[in-house]
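Scope of the values below: all heavy atoms of this structure, side chains included, with no hydrogens, waters or symmetry mates. All values reported here derive from a predicted model rather than from experimental measurement. The sequence lines fix the lettering, A, B, ..., with proteins before strands; numbering per chain opens at 1.
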Protein chains: 2
Amino acid sequence: MIRIVIAEDQALVLGAIASLLALEPDLEIVGRAADGPQALELVRGLQPDILLSDIEMPGLTGIEVAARLKDCGVPTRVLIVTTFGRAGYLRRAIDAGVCGYLLKDSPADRLADAIRRVAAGGRVIDPELASVAAFAPADPLSDRERAVLRLAQDGRSNKEIGRAMALSPGTVRNYLSEAAAKLGAANRIEASRIARENGWL
Amino acid sequence: MIRIVIAEDQALVLGAIASLLALEPDLEIVGRAADGPQALELVRGLQPDILLSDIEMPGLTGIEVAARLKDCGVPTRVLIVTTFGRAGYLRRAIDAGVCGYLLKDSPADRLADAIRRVAAGGRVIDPELASVAAFAPADPLSDRERAVLRLAQDGRSNKEIGRAMALSPGTVRNYLSEAAAKLGAANRIEASRIARENGWL
DNA sequence: AAGCGCAGGTGACAAATGTCACCCCAAGGC
DNA sequence: GCCTTGGGGTGACATTTGTCACCTGCGCTT
């Protein structure tokens, strides 16, 4: 019997996935979490075989939860199921030690299968994503550029960004200009869009 | 027996919801669609009692599908289930003649209930959303402002936007300035973010 | 010690953006 | 006829961005 905790912030989807997995006789759902911190606590307490988690969740992302579990030496294996085919997330997920990465676009019957494979010690990556990831460019941004871009994307000016990061406005401009150049964007708006679409923010 | 077509672009979620509804003896899933046009065609052909649909889908949004069904006089009642609590969508959904609007955040057991109520001729609006919507400001943007903002948000310059819309760059500037003023934003980036967050784009 | 790389900064300049006042003209009231 | 209204536009101006060359100080090799 494979013991599973599910973490997913949309209650309806959480319930639906649970009912899907309940059809499988060898899988048992032992816990449900609606956000990151709750997932972490639940896994620590229940020590399930598998944590099935979304990425976008309040508090902590699924990837961050995976990283913390790894740090604490919890043996639970993490399987990420998420919306975004963003190649950038995959790399970070792997770095965080997840054992599987599925897309919500993949057919439902693949899920139980993936869980069994991961529980048996294997690694699963969505085939659709695997090929994309192989060709996907690596994140070209430095930490500073990422941070600046994150602030720029919701409309802050250079001066405000500088204030927030303890940098001079001129330096902020340089970072943004550099980031745009790296991403082939014409301006900060396009740059942050590109970065966001690739999961680099 | 209530006959249902489900439209949802994420296969895994689609499958999961189907398995959830399959537990209810009085509900029957007669069709599944992965995008807007497919949903439209399926509903036209099968004439189910209910179309359960997401909003964001390739091709046509759930709301657009609902509007077309209304125009064609198809008697199927539409129930929207979606991620975004954006109040702006609700208004447009109601205008398109949908009979129900649920959030994916609401508990799973509410779904079957909502379907029965809608099938019986009732209207259902997620209670969480209903109160929000009552206080939500109406969309202050004109069609032109919306269109300009949509182009601005992915980094096009005034000149490019003007070319795309057959307007002079100066006029584009005026529209954007006006839109920003209406939304209390300092610039086009913030303006489009605010509009997006409210479901006005 | 000399040299290198790198984060942060400056200054100057062109271009894009934001703001505002005001113009034109085609519908529609009356 | 006259007046209003609204979409589209212009011109002028201040401010903000984007680009680029170059400076500074610090830590690190060798």
Please report the distance, rounded to the nearest Å, between [atom1] in [X] and [atom2] in [N].
X	N	atom1	atom2	result
B/Ile161	D/dG8	CD1	P	15 Å
A/Glu160	D/dT15	CD	P	16 Å
B/Leu141	D/dG7	CG	P	13 Å
A/Leu149	D/dT17	CG	C1'	14 Å
B/Arg188	C/dA16	CZ	C1'	8 Å
A/Glu190	D/dT17	CD	C1'	15 Å
B/Ile189	D/dG18	CD1	C1'	13 Å
A/Leu167	D/dT24	CG	P	20 Å

- Item | Residue pair B/Leu21 / B/Ile6, side-chain heavy-atom distance below 4.5 Å | yes

**Message:** Does any part of the side chain of A/Leu176, heavy atoms only, come nearer than 4.5 Å to the side chain of A/Arg173, both counted from C-beta?
**Reply:** no

Here the side chain to side chain donor-acceptor pair (under 3.5 Å) pairs for residues 2-17 of chain B, sequence neighbours left out, are B/Glu8-B/Lys104

Any side-chain N or O of [X] under 4.0 Å from OP1/OP2 of [N]?
X	N	value
A/Tyr175	C/dA7	no
A/Asn187	D/dT17	no
B/Thr171	D/dG9	yes
B/Arg144	D/dG7	no
B/Ser168	D/dT10	yes
B/Asn158	C/dA16	no

Worksheet item: Do the charged groups of A/Arg146 and A/Asp143 touch, with an N to O distance under 4.0 Å?
Response: yes

Check your understanding: So, does B/Glu197 use its side chain to make a donor-acceptor pair with the main chain of B/Ile194 at under 3.5 Å?
Key -> no

The contact string for nucleotides 19-24 of chain C, one letter per nucleotide 5' to 3', using protein heavy atoms under 4.0 Å with B, S and - for base, sugar-phosphate only and none, comes out as BB----

Taken to the nearest 0.5 Å, the spacing of B/Asp139 CG from B/Arg92 CZ works out to 7.5 Å

If you apply the rule side-chain hydrogen bond (donor to acceptor under 3.5 Å, both in side chains), what do you find for A/Asn174 with A/Arg144, and how did you get there?
CA-CA 11 Å; A/Asn174 287 342; A/Arg144 246 63 228 285; over 6 Å; no

